[in-house]
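The structure presented is a predicted model; accordingly, all values stated were derived computationally and were not measured. Just so it is clear, the values below take in all heavy atoms, side chains as well, and ignore hydrogens, waters and symmetry mates. Just so we're on the same page: letters track the sequence lines, and every chain starts at 1.
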Number of protein chains: 2
Amino acid sequence: MTASASAAAKPAKAARRPYAARVPADVRRAQLHDAALRIIVRDGYDAISIDAIAREAGVTRPVVYGVFEDLRDLLGTLLDRQQERALAQLAEALPPEPDLSDPDQLVADTARRMIETVRADPMTWQPILLAASSMPEQARSRIDADRENFLTQVTGLIELGLALRGGPVLDAEVAAHAILAILEHFGRLLLTDPDRFETERLVATIAGVLTALR
Amino acid sequence: MTASASAAAKPAKAARRPYAARVPADVRRAQLHDAALRIIVRDGYDAISIDAIAREAGVTRPVVYGVFEDLRDLLGTLLDRQQERALAQLAEALPPEPDLSDPDQLVADTARRMIETVRADPMTWQPILLAASSMPEQARSRIDADRENFLTQVTGLIELGLALRGGPVLDAEVAAHAILAILEHFGRLLLTDPDRFETERLVATIAGVLTALR
DNA sequence: ACCAATTACTACACAGGTGTAGGAAACATG
DNA sequence: CATGTTTCCTACACCTGTGTAGTAATTGGT
């Protein structure tokens, strides 16, 4: 009451918000994608809203609507970007020309590269590995499709391995599910508690299981 | 406009809602718990709200507030109930006095009982196995604690198995994580697609992996 | 230094959820 | 059948998020 100056009625006038830096549309898109990803990683899928993203990026909602249709559009395009990144990283971790002469070494090396991949870019992998039912349907179906695809590849590799050793003493499809479950679980461990297990402990276990299955 | 009767202004008068059956408080609590569980199973954790639960149970919100503090209270007590059920079922599936003379058989039998357990009561297991980050913090931490506990038991069993076979050629803790990951993943498979894999295929794979690790 | 185009902000109407006060119906009991 | 108690409903005020119109600031080109 004792405070400031001239104006009679209005309480403080609600000082106009400082303008955020003016930025061309495509840069803004990337910024908003980044903001959304930070929210997902920090607070989970539930916390996403146009409002929250705008706040995180330091702008107002109309700015978001100027660049995206709606939340669905924003998340869809974010998924495109993250899917691309993830698949690229995965492709790099998988061996281009598997050296079948030493399967043990091959498995260990591949596992090691995958673990390092996740460690190196948690922002990309957390929304994929620590997601589940919460995430919007669009995300879930995309990730499921990629997972299914990867699963098929693994099944093929296992069948190949079994063939090299003789008759199929094991159910390749189920085994592939098991392997994938272990990989994903280890990925989650890396994300929630990176220091708990050293890479080599995880690698050794994966190698052990696969050796046993051969 | 051409329609009904006497009253001049009011459009249809919004006929009073028929009374839901009058029910004592403790029965209502159980009904609302059931309604909440149905919503979680059918639509996921995101879909829960006092409003949705009241609708699902065929009553109005004040009825819910008459019996629970708020959503946190409702979910917390629901968790108590479901946790109790799940742990009881799990205890029943685990062997009371493990017959160590035939470990292969023991593992297979235990795995089979666990699979049947999940098949028999999906309403209980789905919220536990298909949950992840979406669910409210209270739920996550409780389930995590139980999982951790179970993990410790499995680690102990593996160490026991390793000891019986001689030196520890394997990392028991990491192996326990791997086993648990497989179990949970198989549980999810059972819930999302019960007919895809027969029980014995899953049992055989689990037995195979564990045999290999022995 | 000005002007026009671009970009950001304020303010609004609307939708859906929370939590509560107060009235209305059903039920038990005499 | 009258009455008190329990249980349920309606109606409201409030909060948070959506999407849009209209206005104001910034900036690049001349």
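- Residues A:D51 and A:R55 are paired through a salt bridge, judged by an N-O separation under 4.0 Å between the basic side chain and the carboxylate.
- Look at CZ on B:R16: it is 12 Å from C1' on D:dT7, rounded to the nearest Å.
- Under a 4.0 Å N-O distance rule, the pair B:R29/B:D73 does not qualify as a salt bridge.
- For A:R61 against D:dG17, no side-chain N or O and base N or O form a donor-acceptor pair under 3.5 Å.
- One can place CD1 of A:I48 at 13 Å from P of D:dG17, the figure rounded to the nearest angstrom.
- Across C:dC9, C:dC12, C:dG23, the shortest atom-to-atom separation from the side chain of B:Y19 is found for C:dG23.
- Position along DNA chain D of the nearest nucleotide to B:V23 versus A:S49 favours B:V23 as the more 5'-ward residue.
- Atom CD1 of B:I53 is separated from atom C1' of C:dG17 by 12 Å (rounded to the nearest Å).
- Taking atom CZ of residue A:R72 and atom P of nucleotide D:dG19, one finds them 12 Å apart after rounding to whole Å.
- Atom CG in A:L71 sits about 19 Å away from atom P in C:dA15, given to the nearest Å.
- To the nearest 0.5 Å, the span separating CZ on B:R85 from CE on B:M123 amounts to 9.0 Å.
- Phosphate contact (OP1/OP2 of D:dT23, side-chain N/O of A:R17, threshold under 4.0 Å): absent.
- The CG-P distance, from A:L74 to D:dT18, rounds to 11 Å in whole Å.
- Heavy atoms of B:A21 sit under 4.0 angstrom from primed sugar atoms or phosphate atoms, though from no base atom.
- Between the side chains of A:R119 and A:T199, at least one donor-acceptor pair of N or O atoms lies under 3.5 Å.
- Considering only side-chain atoms of B:V59, the nucleotide from D:dG19, D:dC9, D:dC8 that sits closest is D:dC9.
- Here C:dA26 presents its C1' atom at 13 Å from CZ of B:R28, a figure rounded to the nearest Å.
- Each of A:V63 and B:P62 was matched to the nucleotide of DNA chain C holding its nearest heavy atom; the match closer to the 5' end belongs to A:V63.
- Nucleotide D:dT6 holds its P atom 10 Å from the CZ atom of B:R22, rounded to whole Å.
- At a threshold of 4.0 angstrom between heavy atoms, the contacts of B:T60 include nucleobase atoms, whether or not backbone atoms are also involved.
- Counting heavy-atom neighbours within 6.0 Å of B:E198 CD, excluding the residue itself, gives a total of 12 or less.
- Taking only side-chain atoms of B:D51, from C-beta outward, the nucleotide of C:dG19, D:dT7, C:dG17 with the closest atom is C:dG17.
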